[in-house]
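Input: a single structure, listed below in structure tokens.
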Amino acid sequence: MDLWYTEKHSDNVGITMKITKTLFSGKSEFQQLDIVETLEYGKMMLLDGLVMVTERDEFVYHDMITHPALFTHPAPKKVLVIGGGDGGSIREIMKHPEVELAVLCEIDGLVIDKSIEYLPSMACEIDGSNPRVKLHVDDGLAYIRAHQNEFDVILVDSTDPIGPAVGLFEEDFYRLVHAALKEDGIMVAQSESPFYHAEIQKSMFSNLRAVFPVVEMYQAFIPTYPSGLWSFAFASKKYHPVKDFDRQRATERGFTTRYYNEDLHLGAFMLPTFARDNIAE
Ligand code: AG3
């Protein structure tokens, strides 16, 4: 018998993958969590039926949510990840020797536990083995309200703006992020597909511009997300991701990346016209 899973990307389009088995299926107090084995993309984690990560293409997302901010900030010592319970973002942050502490604040402890159990290639730095990593199972809004002027970089590694992540796309939340950052801090948030999610992008970027002086969008190719064209919002108090980019530090990085590099850092900020139009002021 053939088993196929479809995530619908609109009423009329979706992505379908052949799966060989279900490794975990369960409900937390926040959402439905499934981890399945696919033939083409390796293990895949879904939240409320939406593809969060696959082993084969997660490197694109996790390179791109982390390295552009960490190579723009001159001295990223303290980093916060909101969401990101699979651990992929923390794994990439840990490659930067300047980072003294990375805090993961994930609302759903089940996502962390099952990632450690089934997705060790992503969760390798959140299993308690690294003293530079601290875990908090908490609502990102509650956590950030209690922390001010503390972080150099904050990454919002969230789901789509439905369910537990809705508040992470609103102006009030961005004000709290702004307050939790030091005076030259940078925030990066995943910002959906320019192809399918124009309305979300429009409101998200106008909310960010109400709070941060520097706001830019950049793109990455993620085959298992809606349309394959994905984006990130770069919001900053001081540094510009292109003008203040430390190209030499990025070129001489002492670790490997399969998607990010010093040329792509710049290229990713060059947007197709329709994407630029989504967030026009
Ligand atoms: N967070 C972004 C997932 C959004 C995907 N949306 C969808 N499939 N409809 C991924 C978390 C990775 N750490």
Side-chain angles (χ1 to χ4, degrees), residues 3-8 14-66 79-95 102-143 155-168 189-190 222-226 230:
L3 284 175
W4 294 81
Y5 180 76
T6 298
E7 176 191 330
K8 285 175 74 178
I15 186 171
T16 303
M17 279 184 248
K18 194 164 173 181
I19 64 175
T20 50
K21 58 175 179 259
T22 299
L23 299 165
F24 177 82
S25 182
K27 214 173 164 58
S28 70
E29 70 179 285
F30 302 102
Q31 54 208 345
Q32 171 70 34
L33 167 63
D34 295 286
I35 301 176
V36 298
E37 182 77 49
T38 73
L39 276 171
E40 196 71 35
Y41 281 91
K43 288 179 201 154
M44 169 165 82
M45 181 174 92
L46 306 127
L47 288 175
D48 288 336
L50 306 178
V51 177
M52 290 295 118
V53 289
T54 77
E55 286 181 317
R56 184 164 170 197
D57 72 349
E58 57 91 5
F59 71 98
V60 182
Y61 181 94
H62 293 123
D63 272 13
M64 292 306 280
I65 198 169
T66 55
V79 181
L80 170 67
V81 176
I82 294 177
D86 52 78
S89 296
I90 295 284
R91 180 196 63 206
E92 293 307 310
I93 292 165
M94 284 298 107
K95 293 180 176 174
V103 177
L104 180 77
C105 181
E106 160 66 55
I107 197 168
D108 194 341
L110 187 67
V111 174
I112 298 178
D113 293 346
K114 294 300 158 189
S115 298
I116 292 171
E117 196 174 337
Y118 293 105
L119 304 169
S121 65
M122 278 165 253
C124 50
E125 302 283 10
I126 58 165
D127 58 4
S129 60
N130 192 333
R132 290 157 70 213
V133 175
K134 281 207 164 46
L135 304 187
H136 283 274
V137 178
D138 199 355
D139 177 7
L141 271 123
Y143 181 86
L155 306 178
V156 187
D157 185 1
S158 75
T159 57
D160 296 348
I162 37 174
V166 175
L168 305 182
Q190 76 86 0
I222 306 179
T224 60
Y225 286 176
W230 208 251

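Everything numeric here is computed off the predicted structure, so don't read it as measured data.
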Practice task
Would you confirm whether Thr38, through its side chain, and Gly42, through its main-chain N or O, come within 3.5 Å as a donor-acceptor pair?
Solution key: yes

Exercise for the section: Answer whether the closest heavy-atom distance between the side chains of Met17 and Tyr41 falls below 4.5 Å. Expected result: yes

Donor-acceptor pairs are to be reported for all side-chain atoms of residues 156-164 against protein atoms at under 3.5 Å, with residues two or more places apart or in another chain.
unit_1 : atom_1 : unit_2 : atom_2 : d
Asp157 : OD1    : Tyr61  : OH     : 2.6
Asp157 : OD2    : Ser89  : OG     : 2.8

Fill in the blank from the handout: To the nearest 0.5 Å, atom CZ of Phe24 lies from atom CG of Leu33 at 5.5 Å

Problem - Check: Pro226 and Glu7 side chains under 4.5 Å, non-hydrogen atoms - result: yes

Exercise for the section: Heavy atoms only: give me the nearest Ser25-Gln32 pair and the separation to one decimal. Expected result: OG-NE2, 3.3 Å

Completion exercise
Contacts of Thr22 meeting side chain to side chain donor-acceptor pair (under 3.5 Å) (sequence neighbours excluded), chain-then-number -> none

Practice task
Could you tell me whether the side chain of Cys105 reaches within less than 4.5 Å of the side chain of Val81, counting heavy atoms only?
Solution key: no

Handout entry: Min side-chain heavy-atom separation Ile112-Leu135 under 4.5 Å
Key = yes

Handout entry: Note, Met94 side chain near Val133 side chain (heavy atom, < 4.5 Å)
Key = yes

Exercise for the section: Flag the pair Leu23 / Val36 as yes when at least one side-chain heavy-atom distance between them is below 4.5 Å, and no otherwise. Expected result: no

Problem - Point-to-point distance, once rounded to the nearest 0.5 Å, from CG of Leu141 to CG of Leu168 - result: 6.0 Å

Fill in the blank from the handout: Residues pairing under salt bridge (charged side-chain N to carboxylate O under 4.0 Å, His left out) where one sits in residues 119-135, two or more places apart or in two chains, turn out to be none

Completion exercise
Residues passing the side chain to side chain donor-acceptor pair (under 3.5 Å) test with Ser28, sequence neighbours excluded, are Asp108

Problem - Beyond-backbone contact of Val53 with Leu119, side-chain heavy atoms, under 4.5 angstrom - result: yes

Practice task
Report the residues that fulfil salt bridge (Lys or Arg N to Asp or Glu O under 4.0 Å) with Glu117, sequence neighbours left out, ordered by chain and then residue number.
Solution key: Lys114

Fill in the blank from the handout: The salt bridge (Lys or Arg N to Asp or Glu O under 4.0 Å) partners of Lys95 (sequence neighbours excluded) come to Glu92

Completion exercise
Rounding to 0.5 Å, atoms CG (Leu155) and CD1 (Ile82) come to a distance of 9.0 Å

Exercise for the section: Would you check, one step at a time, whether the test side-chain contact (heavy atoms from CB on, under 4.5 Å) holds for Val137 with Ile107? Expected result: CA-CA 5 Å; Val137 178; Ile107 197 168; over 6 Å; no

Exercise for the section: Mind jotting down which residue pairs meet the side-chain hydrogen bond (donor to acceptor under 3.5 Å, both in side chains) criterion with at least one end in residues 48-59? Sequence neighbours excluded, please. Expected result: Glu40-Arg56, Thr54-Asp57, Asp57-Thr224, Glu58-His62, Glu58-Arg91

Problem - Separation between CD1 of Ile116 and CG of Asp86, rounded to the nearest 0.5 Å - result: 11.0 Å

Practice task
Using the ring-ring contact (aromatic ring centres under 6.0 Å, His included) rule, collect all pairs that involve residues 107-136, keeping only residues at least two apart or in two chains.
Solution key: His136-Tyr143

Handout entry: Within-4.5 Å side-chain heavy-atom neighbours: Leu46 and Ile35
Key = no

Exercise for the section: Would you please name every residue forming a salt bridge (Lys or Arg N to Asp or Glu O under 4.0 Å) with Lys18, sequence neighbours left out? Expected result: Asp2

Problem - Shortest non-hydrogen contact from Gly85 toward Ser115 - result: O-OG, 3.7 Å

Exercise for the section: Under the side chain to side chain donor-acceptor pair (under 3.5 Å) rule, collect the residues that match up with Asp139, sequence neighbours excluded. Expected result: none

Problem - Point-to-point distance, once rounded to the nearest 0.5 Å, from OG1 of Thr6 to CD1 of Ile15 - result: 9.5 Å

